[in-house]
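Before any comments, here is the structure.
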Amino acid sequence: MDARSAKALSKDDWAKMAGDADSIFEGRCFINGEYVDAADGGKIEVINPATNEACGTCAAGNEKDIDKAVAAAKESFKAKTWRKMAPRKRMGIMMKFADLLQANTAELALMDSMNMGKPISDCLNVDVPASAVNIRFMAECIDKMYGKVANTHEKALNLSVREPYGVVGLISPWNYPLLMGVWKIAPALAAGNSIVLKPDEHSPHSCIKMAELFVEAGGPPGVFNVVTGHGEEAGQSLALHQDVSKIGFTGSTEVGKLLLQYAGQSNMKKVSLETGGKSPMIYFADLPDMELAVSTAYDSIYANMGEVCNAGSRIYVERAIYADFVDQFIAEGQGAYTPGDPLDPETNMGPLMSAQAQKRVLGFIESGKNEGAKLKFGGNIPTGLESGCFVEPTMFADVNNDMTIGREEIFGPVASIIPFDSEEEAIEMANDTIYGLCASVWTSNVSRAHNMAKAIESGMVYVNCYDVGDMTFEFGGYKQSGNTKDSCFESVLGYTQSKSIWYNLG
Ligand code: NAD
């Protein structure tokens, strides 16, 4: 069902569709253009965190399934079915793939919502359309990746050409199952690679469906394969595989470090990483618009239940406006997000992705209280929603950088507000972290804005706004937040390697 029809569905319509999830959610691996069970027949139950009931299964793939999928990808790369297809034809297939994604909006939205608790309205308004935009952009890049001709010896020709890697392994997370899958698969395919995607085992269904849609759009079998399974089994086997030339990963910093080790233990495959964050939002007293500043602060930490890599999880406010800012945050932020049934189109906050994630976030809230931060609102499981993995939107004031909640990636709806007294102190505190994904600076002083943007050690800085932009914005972090750029032209180039060719013309 397409986006227009999906947006007209009521809560009851979605509930009815959810009742048919068994027949809509395909959980097998997709290898060489076909659905197949895991080699050993294992299955993983996928739990809907809104109810703590199963909403389907996925194959528990292991080394054998990865071997099979990598072999199919290798064969398709060798046969050049995709990489040597005329660029305009490949582009056409990817455009059709994006169209099919949108034609299946309701099904994909239902999968993501039931797999990880995302409000259905977010799936419809953000995840599915943004995924289609990304695929179309990457398709347009196919015939725009130029090589170079060097200005060298008169009797020589020195070319640098860009080529795909071959078989690329992609490992994606659960927080935006479809969209983060697309951020990996679209540039990897546009660059001409054959791929094996290992989605997160909590949220596999939309990624599996994508592989089917790619083939339906005309993509040759074997080019886009999906193996589901646990990270330590399917994921590790993919990352250790000798025939995989590159791994593209989005997920935790902890697993990102393991992938670098696996590359060293195997074939020195290239590893591109998009990992965790603890992003600072820095508000100076001369900020241009207090209302926008405050609403952006709570949106940046409560949207998607705070399960966002670039969530604005450290909110630094200059002392002169600190009390006002905290008061306004309480007045407006407390009621802005109301946990509820994610399949109700009115709901803007769902559950956390699992009982384990809920326990972890509640543990961080306890640590905040114990370490002296001032709990201003939230902190509990919402009344009436005890059967799911919900946590109230929560806000702490008077946090500092030494507290656990000021340091660790909570990955939940927990805002931490921290006062500061000078530009230097703000820079020092913002940079006092292992992460460096994103930051934002709020001020009317252009020089200060620019100085701050340069001084902050992070891959992305927004001035007087946050988490906006389009496909021209290069998404990626510094430090332990990663080593690559996604969702932009640079990301397609990241799935190519350059070859130097020197001709003797003497
Ligand atoms: P995770 O690292 O636990 O899992 C991510 C993927 O890695 C999953 O597919 C998982 O099965 C797999 N995996 C786990 N262990 C593995 C292993 N030993 N070998 C190979 N694969 C393994 O991350 P998550 O909890 O799914 O996602 C949340 C994290 O992702 C957060 O830290 C968040 O900040 C980060 N994230 C970053 C970005 C970004 O662009 N920087 C975007 C979204 C999420």
Under a plain distance cut-off of 3.5 Å, with no hydrogens placed, do [Y] and [X] share a side-chain donor-acceptor pair?
X	Y	answer
D122	N304	no
D112	H205	no
S10	D13	yes
S440	W442	yes
S131	N134	no

Please report the closest heavy-atom contact between [X] and [Y], naming both atoms and the distance.
X	Y	result
V227	A69	CG2-CB, 3.5 Å
L110	W14	CD1-CE3, 3.8 Å
A191	Y495	CB-O, 3.6 Å
T296	L292	OG1-O, 2.6 Å
M305	P119	SD-CD, 3.9 Å
A190	M138	CB-O, 3.3 Å

Just wondering, do [Y] and [X] contact through their side chains at under 4.5 Å, heavy atoms?
X	Y	answer
S300	M281	yes
H202	I44	no
S172	D200	no
I410	K278	yes
I47	S354	no
F411	E307	yes
F25	T57	no
Y337	Y298	yes

Sidechain-backbone polar pair: [X] side chain, [Y] backbone, donor-acceptor under 3.5 Å:
X	Y	value
D344	E346	yes
N32	A72	no
N483	L273	yes
N225	V196	no
N48	C55	no
E409	G277	yes
S76	G222	yes
T253	G276	yes
D65	N62	yes
T228	A59	yes

Enclosure of [X] [atom1] (heavy-atom neighbours >12, cutoff 6.0 Å):
X	atom1	result
K144	NZ	yes
K7	NZ	yes
K485	NZ	yes
E254	CD	no
Y478	OH	no
E63	CD	no

Which value, rounded to the nearest 0.5 Å, describes the distance between [X] atom [atom1] and [Y] atom [atom2]?
X	Y	atom1	atom2	value
D467	C438	CG	SG	7.0 Å
I31	I66	CD1	CD1	7.5 Å
E457	T433	CD	OG1	9.5 Å
K96	I135	NZ	CD1	13.5 Å
K246	I195	NZ	CD1	13.0 Å
L189	R83	CG	CZ	14.5 Å

So, are [X] and [Y] salt-bridged, with charged N and O less than 4.0 Å apart?
X	Y	result
D243	K269	no
K209	E107	no
D37	K43	no

For this session: Run the numbers on Y262 and I247 for side-chain contact (heavy atoms from CB on, under 4.5 Å), then give the verdict.
Result: CA-CA 10 Å; Y262 300 156; I247 288 284; over 6 Å; no

For this session: Please check if the distance between the ring centroids of W183 and Y176 is under 6.0 Å.
Result: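 No - the distance between ring centres of W183 and Y176 does not fall below the 6.0 Å cut-off.
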
Exercise. Please walk me through it: do D99 and R136 pass side-chain contact (heavy atoms from CB on, under 4.5 Å)?
Worked result: CA-CA 9 Å; D99 293 345; R136 292 197 181 100; 2.9 Å; yes

Problem set entry | Listed partners of D22 passing side-chain contact (heavy atoms from CB on, under 4.5 Å), at least two apart |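 Counting only residues at least two positions away or on another chain, D22 forms no side-chain contact (heavy atoms from CB on, under 4.5 Å).
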
For this session: Can you sort out the partners of Y466 under ring pair (Phe, Tyr, Trp, His ring centres under 6.0 Å), two or more places apart, ordered by chain and number?
Result: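 Ring pair (Phe, Tyr, Trp, His ring centres under 6.0 Å) list for Y466, sorted by chain: Y462.
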
For this session: Check step by step if side-chain contact (heavy atoms from CB on, under 4.5 Å) holds for S194 and V223.
Result: CA-CA 4 Å; S194 292; V223 171; 4.2 Å; yes

Exercise. Please walk me through it: do I93 and F214 pass side-chain contact (heavy atoms from CB on, under 4.5 Å)?
Worked result: CA-CA 8 Å; I93 290 172; F214 177 73; 4.2 Å; yes

Exercise. Hey, which of M353, K118, M111 is the one that makes side chain to side chain contact (heavy atoms under 4.5 Å, CB included) with P177?
Worked result: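 The single option meeting the side chain to side chain contact (heavy atoms under 4.5 Å, CB included) with P177 is K118.
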
For this session: Apply the side-chain hydrogen bond (donor to acceptor under 3.5 Å, both in side chains) test between Y35 and each candidate in R28, E212, E26; give the one that qualifies.
Result: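 Testing each of R28, E212, E26 against Y35, the sole residue satisfying side-chain hydrogen bond (donor to acceptor under 3.5 Å, both in side chains) is E212.
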
